[in-house]
Amino acid sequence: MKLHMKIGRLSVCLLAMVVCTDLYAMMEADKFIGAWRLVSAEFRAEDGAIAESPYGPEPQGLLMYDAQGSMAAQLAQKGRTPFAVADRMAGTPGEIKAAFESYQAYFGRYKVDEREHVVTHIVIQSLLPNLVGTEQRRQYKFRDGRLILRTPPILIGGRRLTGELVWEKIRLGKP
């Protein structure tokens with residue numbers, strides 16, 4: 001009889017632990033929801049050396065997640081040079097190349113794996129057509145109110161680079 005009571009209590013405790021773990025995981029996934037401003041984007045070569053960021057020394061970006069599983073990301077160099085003519089179809093080859101190389105944007109769906117600390121962006125459309133239909137996995141962590149995303153090694157300018165992007169949540173009333 002006492003053994004059955006102990007097993008029953010142990011079962012209740014284990015069930016409570018599982019429920020609490022799942023609730024914690026759901027709460028962690030909820031932290032993504034909202035708009036995030038890019039604070040920094042650091043890229044490193046395979047040997048660990050810091051590489052030049054494709055978004056320059058003062059990157060700008062906006063990352064958005066909603067409660068329905070949609071996401072959008074835009075990253076850019078600050079101070080991009082405008083085309084000589086205000087017609088997006090009339091840029092010179094050099095202007096078009098510079099505009100393309102200094103900007104990245106994509107949107108799609110996302111899913112969060114709380115146990116692995118991975119957020120996956122399922123790309124529906126992108127400025128870079130090669131990303132369409134891909135899954136972009138990012139290791140994540142939340143620290144001091146910021147979201148830190150780490151990319152796997154990706155090919156940028158002929159080099160395999162790993163990026164660490166730090167995002168700060170945009171609060172109402174703040175640009």
Next on the checklist: Check for me whether the distance between the ring centres of H121 and Y65 falls short of 6.0 Å.
Outcome noted: yes
Checklist entry - Nearest 0.5 Å, what's the CG-OH distance between L131 and Y106? => result 7.5 Å
Next on the checklist: When you compare the side chain of E28 with that of V112, does any pair of heavy atoms fall below 4.5 Å?
Outcome noted: no
Item to check | From CA spacing to verdict: side-chain hydrogen bond (donor to acceptor under 3.5 Å, both in side chains), E42, S40 | outcome: CA-CA 6 Å; E42 182 178 273; S40 66; over 6 Å; no
Checklist entry - Under a single-linkage definition using a 4.5 Å side-chain heavy-atom cutoff for Ile, Leu, Val, Met, Phe, Trp and Tyr, are F83 and F100 assigned to the same hydrophobic cluster? => result no
Item to check | Given V119, D113, T120, the one that forms side-chain contact (heavy atoms from CB on, under 4.5 Å) with R137 | outcome: T120
Anything under 3.5 Å between a donor and an acceptor, one on a side chain of residues 159-168, the other on a protein residue two or more places apart or in another chain? List them.
residue	atom	partner	partner atom	Å
R160	NH2	P153	O	3.4
E168	OE1	R37	NH1	3.0
E168	OE2	R146	NH2	3.4

Checklist entry - Where is the tightest heavy-atom contact between P82 and E95, given as atom of each residue plus distance? => result O-OE2, 4.3 Å
Checklist entry - Are L149 and Q139 side-chain neighbours, meaning at least one heavy-atom pair lies under 4.5 Å? => result no
Checklist entry - Any salt bridge (Lys or Arg N to Asp or Glu O under 4.0 Å) pairs touching residues 62-83, not counting sequence neighbours? => result E58-K78
Checklist entry - Given the rule that I, L, V, M, F, W and Y join up when any side-chain heavy atoms are under 4.5 Å apart, are M71 and I122 in one cluster? => result no
Item to check | S70/R109 under side-chain hydrogen bond (donor to acceptor under 3.5 Å, both in side chains): CA gap, chis, key distance, verdict | outcome: CA-CA 4 Å; S70 297; R109 310 279 303 153; 3.2 Å; yes
Next on the checklist: For Y140 and F32, take the angle between the two ring planes, folded into 0 to 90°, and tell me which bin it lands in: parallel under 30, tilted 30 to 60, perpendicular over 60.
Outcome noted: perpendicular
Checklist outcome for this item: In terms of heavy-atom contacts, A51 and A45 come closest through CB-N, 4.4 Å
Item to check | Heavy atoms of other groups near D87 CG, more than 12 under 6.0 Å | outcome: yes
Checklist entry - How about Q77 and S53: do any of their side-chain heavy atoms sit closer than 4.5 Å? => result no
Checklist entry - Under the criterion side-chain contact (heavy atoms from CB on, under 4.5 Å), which of T134, L128, N130 is the partner of V123? => result T134
Checklist entry - How long is the span from the CD1 atom in I96 to the CE atom in M89, to the nearest 0.5 Å? => result 8.0 Å
Checklist outcome for this item: All heavy atoms of A35 vs all of L62, minimum pair found to be CB-CD1, 4.2 Å
Checklist entry - Where do Q60 and L75 land on the side chain to side chain contact (heavy atoms under 4.5 Å, CB included) test, with the steps shown first? => result CA-CA 6 Å; Q60 295 180 316; L75 299 103; over 6 Å; no
Checklist entry - Would L127 end up clustered with F107 when hydrophobic side chains under 4.5 Å apart are linked, directly or stepwise? => result no
Checklist entry - Do Y55 and M64 sit in the same hydrophobic cluster, where Ile, Leu, Val, Met, Phe, Trp and Tyr count as joined when their side-chain heavy atoms come under 4.5 Å apart? => result no
Checklist entry - For the residue pair S102 and A98, what are the closest heavy atoms and their distance? => result OG-O, 2.9 Å
Item to check | Test side chain to side chain contact (heavy atoms under 4.5 Å, CB included) applied to I33 - qualifying residues, sequence neighbours left out | outcome: D30, A67, Y110
Item to check | Point-to-point distance, once rounded to the nearest 0.5 Å, from CG of L147 to NZ of K31 | outcome: 10.5 Å
Next on the checklist: Quick check on the hydrophobic clustering: are L38 and F142 connected, directly or via other members, by side-chain heavy-atom contacts under 4.5 Å?
Outcome noted: yes
